[in-house]
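For reference, the structure discussed in these notes is given below.
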Amino acid sequence: MPHFTIRYSGSGTGVLRVECVTMEDAAAAMAEARRRLAVSRTFSSAEVSDDEHALYRLASRRDGVSAVEAGEARTSERAG
């Protein structure tokens, strides 16, 4: 099974927690990060990566947790 790294950050902070998880696929790792962000009072964002390549970036919001593929996030940052 593949290994993924999930990095959790707080609002206005750097990385506060790093977890190395073994999941079926990247979508399962993203779902794990989404669950933790949905209930956390400390973490406001997360990044899921494999072998140091970012796959997903997640952010908690009042209406839930949003997720975007890391490649899309880079495109959005350049456009904005």
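What's counted below: heavy atoms across the whole structure, side chains too, no hydrogens, waters or symmetry copies.
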Query raised in the report: What residues form a salt bridge (Lys or Arg N to Asp or Glu O under 4.0 Å) with Arg34, not counting sequence neighbours?
Result: none

Going by atom type alone, with no hydrogens or angles, which donor-acceptor pairs under 3.5 Å involve a side-chain atom of residues 23-32 and a protein atom two or more places apart or on another chain?
from, atom 1, to, atom 2, distance (Å)
Asp25, OD1, Ala27, N, 3.3
Asp25, OD1, Ala28, N, 2.9
Glu32, OE1, Arg35, NH2, 3.0

Query raised in the report: Under the side chain to side chain donor-acceptor pair (under 3.5 Å) rule, what pairs show up with a residue in residues 38-49, not counting sequence neighbours?
Result: Arg7-Ser49, Glu47-Arg57

Requested in this report: Of all the heavy-atom pairs spanning Ala33 and Val48, show the shortest one and how long it is.
Outcome: CB-CG2, 4.1 Å

Query raised in the report: Among all residues two or more places apart in sequence or in another chain, which pass the side chain to side chain donor-acceptor pair (under 3.5 Å) test with Ser11?
Result: none

Report task. With sequence neighbours left out, write down each residue that passes side chain to side chain donor-acceptor pair (under 3.5 Å) with Thr5, or none if nothing qualifies. Result -> none

Query raised in the report: Within a strict 4.5 Å, meaning less than it, do heavy atoms of the Ser66 and Arg61 side chains meet?
Result: yes

Query - Hphob cluster co-occupancy, Leu16 + Leu58, side-chain heavy atoms under 4.5 angstrom - result: yes

Query raised in the report: ring pair (Phe, Tyr, Trp, His ring centres under 6.0 Å): which pairs involve residues 6-52, sequence neighbours left out?
Result: Tyr8-Phe43

